[in-house]
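Because the structure is predicted, anything quoted here is derived from the model rather than measured. What you see below is based on every heavy atom in this structure, not just the backbone, and it leaves out hydrogens, waters and symmetry mates.
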Amino acid sequence: MLEKYKRYWVVVALLFAFYFVVPEVLARVAAVFNETPNATVVLSGCDNETCRLQGTLKTDPITLTQFLVKEDGTRVYFKEENVSMISWPVNNIHSDKLF
């Protein structure tokens with residue numbers, strides 16, 4: 001009787017792996033290779049210039065939290081609920097170089 005449903009449980013296990021495990025792994029792999037240079041993070045509830053943090057925006061592959069690497073190499077971790085805005089310069093793409 002158990003052999004009769006063996007294929008069913010294998011399919012269920014594979015679906016479970018693809019639905020739950022693969023997105024978690026892909027998010028962490030993307031975090032390793034993703035970085036945004038010249039990003040500006042503006043903290044909420046603050047109006048002075050010290051609340052504007054500038055540097056390279058990265059994502060920690062273990063916790064998937066974003067952090068900013070400043071020019072001197074220090075890492076600044078922040079919670080998403082404390083951020084008012086994140087911006088970065090747009091890449092200038094010339095249409096004549098696309099084709």
Side-chain angles (χ1 to χ4, degrees):
M1 176 105 173
L2 189 59
E3 291 293 324
K4 184 178 179 181
Y5 296 108
K6 187 175 183 179
R7 286 186 186 167
Y8 171 77
W9 290 112
V10 168
V11 170
V12 168
L14 287 174
L15 288 175
F16 175 81
F18 280 113
Y19 189 76
F20 291 107
V21 177
V22 172
E24 292 293 324
V25 171
L26 288 178
R28 281 158 173 76
V29 169
V32 170
F33 298 107
N34 187 23
E35 68 177 31
T36 306
N38 301 325
T40 302
V41 176
V42 180
L43 301 176
S44 59
C46 190
D47 294 334
N48 58 16
E49 198 64 30
T50 60
C51 296
R52 292 179 175 267
L53 307 173
Q54 294 183 337
T56 302
L57 187 66
K58 293 185 175 186
T59 304
D60 186 2
I62 304 299
T63 61
L64 294 179
T65 57
Q66 291 183 325
F67 64 93
L68 198 71
V69 179
K70 297 172 100 178
E71 287 184 8
D72 60 356
T74 58
R75 293 182 175 192
V76 178
Y77 287 86
F78 50 87
K79 294 182 180 180
E80 290 183 21
E81 58 265 11
N82 295 337
V83 173
S84 175
M85 180 182 70
I86 298 177
S87 65
W88 55 87
V90 178
N91 293 333
N92 293 329
I93 299 175
H94 301 287
S95 59
D96 57 338
K97 294 183 180 180
L98 290 177
F99 302 105

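Counting only residues at least two apart or in different chains, salt bridge (Lys or Arg N to Asp or Glu O under 4.0 Å) contacts with residues 24-39 comprise Glu24-Arg28, Glu35-Lys58. Identified under the salt bridge (Lys or Arg N to Asp or Glu O under 4.0 Å) test for residues 7-20, with sequence neighbours left out: none. Residue pairs that meet the salt bridge (Lys or Arg N to Asp or Glu O under 4.0 Å) test with at least one member in residues 61-75, sequence neighbours left out, do not exist here. Among pairs with a residue in residues 34-55, none fulfils ring pair (Phe, Tyr, Trp, His ring centres under 6.0 Å), at least two apart in sequence or across chains.
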Result block: side-chain N/O donor-acceptor pairs under 3.5 angstrom for residues 77-87, not counting sequence neighbours:
none

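Leu15 forms part of a hydrophobic cluster together with Val11, judged by ILVMFWY side-chain heavy-atom separations under 4.5 Å. Taking Ile, Leu, Val, Met, Phe, Trp and Tyr as members and joining any whose side-chain heavy atoms lie under 4.5 Å apart, directly or through other members, Leu64 forms no hydrophobic cluster with any other residue.
Val69 and Val76 sit in two unconnected hydrophobic clusters of ILVMFWY residues. Membership requires side-chain heavy atoms under 4.5 Å apart, directly or through other members. A chain of hydrophobic side-chain contacts below 4.5 Å, direct or via other Ile, Leu, Val, Met, Phe, Trp or Tyr residues, connects Val12 to Tyr5. Under the 4.5 Å side-chain heavy-atom criterion for Ile, Leu, Val, Met, Phe, Trp and Tyr, Leu43 and Leu57 are members of the same hydrophobic cluster.
Applying the side-chain hydrogen bond (donor to acceptor under 3.5 Å, both in side chains) rule to Arg52 yields no partners; only residues at least two apart in sequence or on another chain are considered. Residues forming a side chain to side chain contact (heavy atoms under 4.5 Å, CB included) with Val22 (at least two apart in sequence, or on another chain): Phe18, Leu26. Taking the side-chain hydrogen bond (donor to acceptor under 3.5 Å, both in side chains) definition, one finds that Thr56 meets it with nothing, sequence neighbours left out. Residues satisfying the side chain to side chain contact (heavy atoms under 4.5 Å, CB included) test with Val25, not counting sequence neighbours, are Val21, Val29. Residues passing the side-chain hydrogen bond (donor to acceptor under 3.5 Å, both in side chains) test with Asn34, sequence neighbours excluded: none.
For the pair Pro89 and Pro37, the tightest heavy-atom approach, listed with the atom from each and the gap, is CD-O, 4.1 Å.
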